[in-house]
Amino acid sequence: MVLRLYNTLSRRVEPFEPLAPPRVTLYTCGPTVWSYAHVGNFRTFLFSDLLRRYLEYRGYDVFTVMNLTDVDDRIIKAAGEAGTSVREFTDRFAEAFFEDRDYLRIKPADLYPRATAHIEHMIALVEQLLDRGLAYRGEDGSVYFSVGAFNGYGRLSRLDTRELKPGARVSSDEYSKEDARDFALWKTASTLDETVGAAWDAPFGRGRPGWHLECSAMALAEIRGRFGIETLDIHAGGVDLVFPHHENEIAQSEGATGRPFVRCWMHGEFLLIGGTKMSKRFGNTLTVRDLREEGVDPASFRMLVFSTHYRQQLNLTDEALEAATEGAQRLAELRERLGRAAAGASPDGVPREVEQLERAFAEAMNDDLSAPNALAAVFTFVRVANRRLDEGAWSAGEAAAVIETFDRIMEVLEVVPRAEVEDDLTAWVAERIKARQRARKAGDYAAADAIRDEVAACGIDLKDTPEGTRWTKRAG
RNA sequence: GGCGCCGUAGCCAAGUGGUAAGGCAGAGGUCUGCAAAACCUCUAUUCGGCAGUUCGAAUCUGCCCGGCGCCUCCA
């Protein structure tokens with residue numbers, strides 16, 4: 001079965017063919033580390049994580065890069081106000097980003113290049129563009145990309161088929177550009193830039209990089225150095241980056257190398273809250289920290305995100321999050337049951353229900369990463385598996401085989417809650433369960449129920465099964 | 001003004017020409033000391049509205065209504 005992905009460049013779902021299989025180069029536009037990334041930002045990163053994990057499930061050797069933008073207008077302004085350097089200012093948010101990433105169980109990328117660590121590559125790229133006549137120095141000393149000189153500008157965002165809103169950006173521009181469409185590659189250093197340490201020497205003048213430059217420079221530098229190529233297999237990001245960011249990346253990169261920059265462009269849709277886009281500007285953001293404080297399990301959030309296709313807007317609501325939590329919990333229950341049924345046996349005989357699961361899962365994911373359908377396949381399997389377990393239809397070896405597949409699929413979605421339990425809690429619960437059993441045997445159900453309430457207050461749920469009392473810690 | 005996406009049960013959400021997946025919630029049942037979990041059964045003759053194309057449309061076309069996004073260094 002072929003993996004098919006939607007390519008923004010063609011506006012079509014097309015077969016995915018990496019340049020040099022089994023290697024896949026995946027570059028995702030990461031956060032601007034000027035504040036805590038909100039869960040809307042993380043929806044995109046989760047989408048990228050899903051893509052990466054599924055590619056790996058398919059056997060590809062995925063090389064992943066995510067940039068950290070640590071120098072831009074917002075950062076400089078904020079650092080100036082805080083009276084710190086850009087470096088100092090961004091460090092803590094970069095750190096926070098990694099914490100949040102880990103909390104949401106996003107697999108770390110191979111590289112997280114920071115813009116300020118690649119100034120030399122950016123300078124080289126600008127020089128190349130100047131040499132090729134695709135860039136020029138403006139009256140203010142800044143260097144601009146000459147859109148008119150680059151053939152094919154607007155292919156990604158279909159600029160040729162649209163008109164700019166009258167007066168939207170032409171007159172309001174603060175720089176000296178020859179053409180309104182031109183964009184800054186290198187901005188002359190201002191006093192503030194110098195103050196916060198956001199200025200570097202370059203042959204074409206002291207200054208700092210324009211926003212789009214970093215992705216082109218870093219992506220090219222990393223894959224050129226490692227694989228000797230100048231074309232990425234996949235470049236991902238949020239839909240808002242299609243224009244101008246990615247359009248400009250193409251112009252810079254292809255202008256400099258003369259080679260296709262990216263084979264497949266993928267864009268994730270927005271996370272909405274209260275029906276509108278989550279954005280710092282609207283003051284309606286929610287961070288991963290907020291989620292943590294509210295006791296939202298990472299598996300719940302992942303489940304919520306993957307329950308909607310990545311190219312569809314997703315409205316974040318308490319009800320939806322609750323539904324996702326319940327669903328995720330169901331997966332955890334099944335996984336635990338399977339573990340008990342397998343009882344440490346080695347895989348022996350693959351039940352056909354498992355083959356069905358794997359087929360349905362792959363079919364869904366192959367269709368442009370249809371996680372909602374993949375989850376439907378998983379839940380259908382959950383019902384069937386529980387029935388088989390009720391019937392005692394699977395041997396320990398078969399259960400072990402089921403686990404093997406189930407876990408491999410969950411490795412892609414990573415939506416099974418994991419409740420970490422401390423040893424002393426375990427000992428305490430074990431003691432309480434014994435006390436409750438004594439009460440139950442004595443027929444003192446009031447006392448037994450009191451103990452159940454007691455542990456429930458500590459987040460522990462007790463379940464009486466034919467094999468004895470089991471307990472689980474509620475997620476979150 | 002230009003470009004684009006979306007509107008499916010109480011909620012979330014698949015389905016893009018062949019007669020409505022899946023999850024959550026809800027109702028009843030099995031099991032249980034009671035629960036929990038799990039399983040079984042039920043829950044949209046109907047897919048924003050109106051026309052049209054077709055043997056057949058949630059799916060294609062047109063118009064209308066409603067929501068969202070991009071055109072601003074916003075994931």
Side-chain angles (χ1 to χ4, degrees), chain A residues 11 28-32 37-48 69 72-75 157-169 172-173 183-184 187 210-212 236-245 248 267-272 275-282 303-304 307-309 311-315 317-330 333-334 336-337 360 364 367 370-380 382-391 440 443-446 448-449 452 456 461-466 469-472:
Chain A
R11 308 280 148 124
T28 305
C29 280
T32 299
H38 56 70
V39 293
N41 300 130
F42 272 101
R43 185 193 181 191
T44 299
F45 306 147
L46 243 20
F47 145 60
S48 161
T69 300
D72 86 328
D73 291 355
R74 290 173 301 179
I75 291 171
S157 54
R158 305 281 158 107
L159 258 192
D160 45 329
T161 62
R162 51 165 117 174
E163 289 170 21
L164 287 178
K165 188 177 181 177
R169 58 202 300 245
S172 61
D173 210 282
F183 56 91
K187 301 178 175 185
W211 175 38
H212 318 295
V239 270
D240 51 340
L241 299 183
V242 173
F243 185 86
H245 189 51
N248 292 351
H267 295 95
E269 255 297 348
F270 286 130
L271 178 72
L272 268 40
T276 47
K277 173 183 172 178
M278 182 177 287
S279 167
K280 205 103 174 143
R281 238 180 332 164
F282 302 147
M303 179 67 88
L304 173 69
S307 68
T308 300
H309 186 87
R311 280 194 287 120
Q312 217 64 326
Q313 294 178 342
L314 163 62
N315 197 13
T317 62
D318 290 340
E319 295 95 315
L321 198 51
E322 241 170 78
T325 303
E326 293 305 318
Q329 191 54 44
R330 229 169 136 223
E333 299 275 2
L334 174 66
E336 202 200 306
R337 273 191 94 178
D367 181 16
S370 182
N373 280 325
L375 282 169
V378 168
F379 279 109
T380 298
V382 168
R383 198 179 56 250
V384 174
N386 271 313
R387 191 158 52 209
R388 292 286 170 271
L389 290 167
D390 280 352
E391 297 163 352
R440 291 179 73 202
D444 187 354
Y445 292 117
D449 290 350
R452 188 164 61 198
D461 291 325
L462 298 185
K463 299 170 200 173
D464 299 320
T465 73
T469 299
R470 310 211 53 81
W471 64 279
T472 50

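Every chain is numbered from 1 and lettered A, B, ... according to where its sequence line falls, protein lines coming before strand lines. Hydrogens, waters and symmetry mates play no part in the numbers below; they use all other heavy atoms, side chains included.
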J.: I'd like to check, for A:F379, whether its ring lies over the base of B:G22 with centroids under 5.5 Å apart and a plane angle smaller than 30°.
T.: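 Taking the rule of under 5.5 Å and under 30°, the ring of A:F379 does not stack on B:G22.
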J.: Could you check how far NE2 of A:H212 sits from C1' of B:U72, rounded to whole Å?
T.: 11 Å
J.: P atom, B:G49 versus B:C11: distance in rounded Å?
T.: 15 Å
J.: Which nucleotide wins on minimum distance to the side chain of A:P372, given the candidates B:G33, B:A13, B:A37?
T.: B:A13
J.: What is the base-pairing partner of B:G33, counting Watson-Crick and G-U wobble geometry with both distances under 3.5 Å?
T.: none
J.: Choosing from B:A21, B:G23, B:A75, which nucleotide comes nearest the side chain of A:F270?
T.: B:A75
J.: Does the side chain of A:N41 come within less than 4.5 Å of A:P31's, by heavy atoms?
T.: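 Of all side-chain heavy-atom pairs linking A:N41 with A:P31, none is under 4.5 Å.
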J.: What contact category does A:L389 fall into here, base, sugar-phosphate, or nothing, at under 4.0 angstrom with non-hydrogen atoms?
T.: nothing
J.: Could you check whether any side-chain heavy atom of A:R158 comes within less than 4.5 Å of a side-chain heavy atom of A:R11, counting everything from C-beta outward?
T.: yes
J.: Counting any heavy atom closer than 4.0 Å, what does A:T276 reach on the DNA or RNA strands: base, sugar-phosphate only, or nothing?
T.: sugar-phosphate
J.: Determine the Euclidean distance between corresponding C1' atoms of B:U59 and B:A27; express it in Å to zero decimal places.
T.: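 Looking at atom C1' only, B:A27 and B:U59 are 33 Å apart.
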J.: Only counting residues at least two apart or in another chain, list the ones meeting salt bridge (Lys or Arg N to Asp or Glu O under 4.0 Å) with A:E322.
T.: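 In terms of salt bridge (Lys or Arg N to Asp or Glu O under 4.0 Å), with neighbours along the sequence ignored, A:E322 is linked to no residue.
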J.: Look at all strands and tell whether A:L334 reaches a base, only sugar-phosphate, or nothing, counting heavy atoms closer than 4.0 Å.
T.: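 No contact.
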J.: Is there a side-chain contact between A:E269 and A:T308 (heavy atoms, below 4.5 Å)?
T.: no
J.: Expressed in angstrom and rounded to an integer, what is the separation of A:D318 atom CG from B:C24 atom P?
T.: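 My rounded result for the distance is 18 Å.
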J.: Begin from the C-alpha positions of A:R387 and A:D390 and carry the test salt bridge (charged side-chain N to carboxylate O under 4.0 Å, His left out) through to its verdict.
T.: CA-CA 5 Å; A:R387 191 158 52 209; A:D390 280 352; over 6 Å; no
J.: If we take the P atom in both B:A25 and B:A58, what is their distance in whole Å?
T.: 30 Å
J.: Roughly, in whole Å, what's the span from CZ in A:F282 to P in B:A75?
T.: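 Answer to the nearest Å: 13 Å.
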J.: If you find the nucleotide of RNA chain B closest to A:C29 and the one closest to A:R452, which residue's nucleotide is nearer the 5' end?
T.: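 Residue closer to the 5' terminus by nearest nucleotide: A:R452.
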J.: Using a cut-off of strictly less than 4.0 Å, decide whether A:R158 has a side-chain nitrogen or oxygen near OP1 or OP2 of B:G4.
T.: no
J.: Nearest-Å distance, CZ (A:F243) to C1' (B:G2)?
T.: 13 Å
J.: To the side chain of A:R330, which of B:C74, B:A38, B:G33 is closest?
T.: B:A38
J.: To the side chain of A:D390, which of B:G69, B:A38, B:G33 is closest?
T.: B:A38
J.: Does B:C70 have OP1 or OP2 sitting under 4.0 Å from an N or O in the side chain of A:K277?
T.: yes
J.: What integer number of Å spans the C1' atoms of B:C71 and B:C64?
T.: 26 Å
J.: Measure from CG on A:D72 to P on B:U72 and round the result to the nearest Å.
T.: 17 Å
J.: Does any N or O donor sit under 3.5 Å from an N or O acceptor when you compare the side chain of A:D464 with the base of B:C34?
T.: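 Answer yes: a donor N or O sits under 3.5 Å from an acceptor.
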J.: Report the residues that fulfil salt bridge (Lys or Arg N to Asp or Glu O under 4.0 Å) with A:K463, sequence neighbours left out, ordered by chain and then residue number.
T.: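 Scan of A:K463 (salt bridge (Lys or Arg N to Asp or Glu O under 4.0 Å), adjacent residues dropped) gives A:E333.
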J.: Would you say A:D367's side chain and A:A364's backbone share a donor-acceptor pair under 3.5 angstrom?
T.: no
J.: Expressed in angstrom and rounded to an integer, what is the separation of A:K280 atom NZ from B:C74 atom P?
T.: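 To the nearest whole Å, that distance equals 13 Å.
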J.: Could you tell me how far B:A9 sits from B:G23 if I compare only their C1' atoms? Round to whole Å.
T.: 13 Å
J.: Using a 4.0 Å heavy-atom cut-off across all strands, classify A:Q312 as base, sugar-phosphate, or nothing.
T.: sugar-phosphate
J.: If you look at every strand shown and take non-hydrogen atoms under 4.0 Å, does A:T380 touch a base, only sugar-phosphate, or nothing?
T.: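 Touches sugar-phosphate only.
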J.: Contact class for A:M303 (heavy atom, under 4.0 Å): base, sugar-phosphate, or nothing?
T.: nothing
J.: With sugar-phosphate meaning primed atoms plus P, OP1 and OP2, does A:H245 contact a base, only sugar-phosphate, or nothing at under 4.0 Å between heavy atoms?
T.: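 Since no nucleic acid heavy atom lies under 4.0 Å of A:H245, the category is nothing.
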J.: Any base atoms under 4.0 Å from A:E333, or only sugar-phosphate, or nothing? Heavy atoms, all strands.
T.: sugar-phosphate
J.: Parallel, tilted or perpendicular: which describes the rings of A:F183 and A:H212, with under 30° parallel and over 60° perpendicular?
T.: perpendicular
J.: Using the P atoms only, state how far B:G7 lies from B:G48, rounded to an integer number of Å.
T.: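 The answer is 7 Å between these two P atoms.
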J.: Please classify the nucleic acid contact of A:D461 as base, sugar-phosphate, or nothing, using heavy-atom distances under 4.0 Å.
T.: nothing
J.: Could you tell me whether the side chain of A:N315 and the main chain of A:G275 form a donor-acceptor pair under 3.5 Å?
T.: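 Present.
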J.: So A:D449, base contact, sugar-phosphate only, or nothing? Heavy-atom distance under 4.0 Å.
T.: base
J.: For the P atoms, the ones on B:A57 and on B:G52, what distance do you get once it is rounded to whole angstrom?
T.: 12 Å
J.: With the criterion being N/O to N/O and under 3.5 Å, what pairs connect the protein with nucleotides 40-42 of chain B, and how long is each?
T.:
from, atom 1, to, atom 2, distance (Å)
B:C40, OP1, A:R387, NH1, 2.2

J.: How far does the P atom of B:C60 sit from the matching atom of B:G18, given to the nearest Å?
T.: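 These two P atoms come out 12 Å apart once rounded.
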J.: For the pair made of CZ in A:R43 and P in B:A75, what is the distance, rounded to whole Å?
T.: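 Whole-Å distance recorded here is 15 Å.
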J.: Report which part of the nucleic acid A:R337 touches: base, sugar-phosphate, or nothing (heavy-atom distance under 4.0 Å, all strands).
T.: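 Result for A:R337 = sugar-phosphate.
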J.: Using a 4.5 Å cut-off on heavy atoms from C-beta on, say whether the side chain of A:Q313 contacts that of A:K277.
T.: no
J.: Students often get this wrong, so: under 4.0 angstrom with heavy atoms, is A:G40 touching a base, only sugar-phosphate, or nothing?
T.: base
